[in-house]
Structures are given as C-alpha cells and as structure tokens.
Amino acid sequence: MNPQPQRAIPDTTAEARREFAVLLGEFRRTPVLVPLAAGGGLWTADRGGVRWIFAFSHEAALSRFAHARGEAHRTWEYRTVLGARLLDVMVPTLAVPAGVALDAGSDDGALFPPVRGIVPDTAAIDLEDDKDDQDDRHGVGGRYERDGGRHER
C-alpha cells in the first residue's frame, strides 16, 4: 500500500498574527485623524463593553464615514495624533476599557482592542486570566480594580 504524501496545512492563525503585528506597527508609527466631540474631547462610542476612540487614516476615510452617518453637511473638527499616542497615552486615561477603531465603516477598517500587546498592561483587559501573571496588580480573589471601579473578572 502506497501512503499518500502529506501536504502541509498552512497555519492561518500564525499568518493572521503576523499580518496584525505589521498592521499594529504601521498604526503606531502613523499620524491619524481623530474627530473631536462637541465638548472638545476625542469622539468615541461604546460598543460591547469597550469605549472605542474613532481614528481615520486620511480625510477621505473620515469623509466617507461622515457620509455614511448622514452627517456630511457638518464640519468635522479633528486632531492629528500619532497612533502610538492614542494607544499608549489616551486609552489609559479613559475610565473604562478602551481601544481604537481605525477607519470605521470602511472595508479596510481595523480594531485595536484593549488587550496586552496592543495597549499598556495597566489598560489591558484579557478575555482569559493569565495564569503566569503573578504581580496581582488588579486585585485579589478574582476581582480587579480599575479607575476606582470594581469589576468581576
């Protein structure tokens, strides 16, 4: 009996992680446009327990977003911010789990959620407890404190 030659199965998870790492690196090095809310703060939206800071790679992407929202008639004030500054400085200042939504509503959009490796550890939430995390910076007994609030893990 002739055994069939085995074909290598591509590791799509590893490839997706590499592609995301490249995207994250590019985002961190790139100035992006962040719309300002009426009060002058960064424009955000809460979805799925995360506060998302909206950022756009260029004015055309922001314009498409405004049109999709039916708000193309108004003036959209924005601030230009380095992607790394959004993730490393702005996200940790928010009182809730937060991430960045890049080019929301476009085919090329991306989400940078509040997890380790994307935002600082102090602002990261993980979907599962990290058994190797022994520094107990979040609290004791399956609870953690963040910005004065108590939350279940």
Pairwise distance [atom1]([X]) to [atom2]([Y]) - rounded to 0.5 angstrom:
{"X": "Leu36", "Y": "Tyr78", "atom1": "CG", "atom2": "OH", "value": "10.5 Å"}
{"X": "Arg29", "Y": "Leu24", "atom1": "CZ", "atom2": "CG", "value": "9.0 Å"}
{"X": "Asp88", "Y": "Ile118", "atom1": "CG", "atom2": "CD1", "value": "11.5 Å"}
{"X": "Arg17", "Y": "Thr12", "atom1": "CZ", "atom2": "OG1", "value": "10.0 Å"}
{"X": "Arg85", "Y": "Arg79", "atom1": "CZ", "atom2": "CZ", "value": "9.0 Å"}

Linked, directly or transitively: [X] and [Y] (ILVMFWY side chains, under 4.5 Å):
{"X": "Val91", "Y": "Leu33", "result": "no"}
{"X": "Ile53", "Y": "Val81", "result": "yes"}
{"X": "Leu94", "Y": "Leu42", "result": "yes"}

Grab the two heavy atoms, one from [X] and one from [Y], that are nearest each other, plus how far apart they are.
{"X": "Val34", "Y": "Phe54", "value": "CG1-O, 3.4 Å"}
{"X": "Arg28", "Y": "Leu82", "value": "O-CG, 3.5 Å"}
{"X": "Thr80", "Y": "Pro31", "value": "CG2-CB, 3.7 Å"}
{"X": "Ala123", "Y": "Pro114", "value": "O-CB, 3.9 Å"}
{"X": "Ala104", "Y": "Phe56", "value": "N-CE2, 3.8 Å"}
{"X": "Ala55", "Y": "Val32", "value": "CB-CG2, 3.8 Å"}

Could you check Phe112 against Leu86 for side chain to side chain contact (heavy atoms under 4.5 Å, CB included), going step by step and ending with a plain yes or no? CA-CA 10 Å; Phe112 300 101; Leu86 280 177; over 6 Å; no
Would you please classify the geometry between the Phe65 ring and the Trp76 ring as parallel, tilted or perpendicular, with 30° and 60° separating the classes? perpendicular
Test your reading of the model: is there a side-chain donor-acceptor pair from Thr30 to the backbone of Glu26, 3.5 Å cut-off? yes
Which hydrophobic side chains are connected to Val50, either touching it within the sub-4.5 Å cutoff or through other members that do? Trp52, Leu111
May I ask you to decide whether Asp103 forms a salt bridge with Arg64, counting only side-chain N to carboxylate O separations under 4.0 Å? no
